[in-house]
Amino acid sequence: MASITTQYEVDYPESDGRPMGETDVHRRWMIRIFDLLSYRYRQQDVYLASDLLLYYEHGQPYRFIVPDVFVVFGVTPHDRRTYQLWHEGVAPQVVFEVTSRGTSREDRETKPEIYQQIGVREYFSFDPTRDYLVPPLQGYRLIDDEYQLIEPEVDGAIVSEQLDARLALEGDDLVMYDRPSGRRLLTEAESERERAERERSRAARERMLAEQERARAEQERKRADAAEAELRRLRAMLGLNADDEACES
């Protein structure tokens, strides 16, 4: 009797059962980093995800990791339920972890080992509450298959070669600047507010210029009226009238 081979489809869950983020602060920063990069790479072949399960070994549904934010260049940015490395064919180039004392071991040991193993080129940790990480923003770059600390610049900023951006702390905030232009990265909402503010400023300038032009025209009219009145006064003093002017002409 011929044997029957049954092939079972492996189920890759879409949730690890853990809540997103540890605190409201960490959750907000995860969302903000995602929004900053999403708006920067809009309409480009760049996929970004936050708190999405990344499976890195085919047939092993327990081999997964959940980056806070990750960036993948060169793949179609459509919605995904999970990120399966063997299907996509490319690992994230950049990962961000919004870390805290409670997740410090995972963020400093477990996750970097896996990111290093699958070839994540750059890995950044940000401790928004400054619980334990000194300095609270740190970056690592994969060199010869091992992570090396990215040396900060004089002002403390860190350069991401993959993003072509400068990451810096300004007060309690993590900010990012586009290296070629030097412009600060904004979310879509911030960009819209900035555009609206520029429009309001432009409209205010136009109103001011229009008001100045009306004032100038009014001054010119008043000067012309005053000159005409002065001319009439002088003519009256000389005993000239309209008939005399006609004769003179």
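Along the sequence shown, residues carry numbers from 1. All values reported here derive from a predicted model rather than from experimental measurement. What you see below is based on every heavy atom in this structure, not just the backbone, and it leaves out hydrogens, waters and symmetry mates.
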Check your understanding: Is R184 paired with E190 through a side-chain N to carboxylate O contact shorter than 4.0 Å?
Key -> no

Point to revise | Side-chain ion pair, D178 and R183, N-O less than 4.0 Å | key: no

Should we say atom [atom1] of [X] is surrounded by more than 12 heavy atoms from elsewhere, each under 6.0 Å from it?
{"X": "E153", "atom1": "CD", "answer": "yes"}
{"X": "R105", "atom1": "CZ", "answer": "no"}
{"X": "D145", "atom1": "CG", "answer": "no"}

For the [atom1] atom of [X] and the [atom2] atom of [Y], what is their distance to the nearest 0.5 Å?
{"X": "L54", "Y": "I114", "atom1": "CG", "atom2": "CD1", "value": "9.5 Å"}
{"X": "I158", "Y": "E122", "atom1": "CD1", "atom2": "CD", "value": "10.0 Å"}
{"X": "F96", "Y": "L37", "atom1": "CZ", "atom2": "CG", "value": "5.5 Å"}
{"X": "Y47", "Y": "R80", "atom1": "OH", "atom2": "CZ", "value": "5.5 Å"}
{"X": "Q148", "Y": "I143", "atom1": "CD", "atom2": "CD1", "value": "5.5 Å"}
{"X": "D173", "Y": "L137", "atom1": "CG", "atom2": "CG", "value": "12.0 Å"}

Check your understanding: Hey, would you say the Y140 and Y115 ring centroids sit under 6.0 Å apart?
Key -> no

Is [X] reaching over with its side chain to a backbone N or O of [Y], donor-acceptor style, under 3.5 angstrom?
{"X": "D155", "Y": "A157", "result": "yes"}
{"X": "R40", "Y": "L163", "result": "yes"}
{"X": "R101", "Y": "D131", "result": "yes"}

Practice item. Mind running side chain to side chain contact (heavy atoms under 4.5 Å, CB included) on V120 and Y147 for me, showing each step along the way? Key: CA-CA 10 Å; V120 174; Y147 279 133; 3.4 Å; yes

Side-chain donor-acceptor pair under 3.5 Å between [X] and [Y], yes or no?
{"X": "Q162", "Y": "S160", "result": "no"}
{"X": "Y39", "Y": "S191", "result": "yes"}
{"X": "S125", "Y": "E97", "result": "no"}
{"X": "T99", "Y": "Y132", "result": "yes"}
{"X": "S38", "Y": "D35", "result": "no"}

Exercise for review: Check step by step if side chain to side chain contact (heavy atoms under 4.5 Å, CB included) holds for F124 and V95.
Suggested key: CA-CA 6 Å; F124 297 96; V95 164; over 6 Å; no

Study note, to complete from the structure: Applying ring pair (Phe, Tyr, Trp, His ring centres under 6.0 Å) to Y56 and not counting sequence neighbours gives none

Check your understanding: Where do Q116 and E146 land on the side chain to side chain contact (heavy atoms under 4.5 Å, CB included) test, with the steps shown first?
Key -> CA-CA 7 Å; Q116 182 174 284; E146 290 187 358; 4.2 Å; yes

Review point. Which word best sums up how the rings of F70 and Y83 line up, parallel for under 30°, tilted for 30 to 60°, or perpendicular for over 60°?
Key: perpendicular

**Study point:** Heavy-atom check, side chain of V66 versus side chain of D51, under 4.5 Å
**Key:** yes

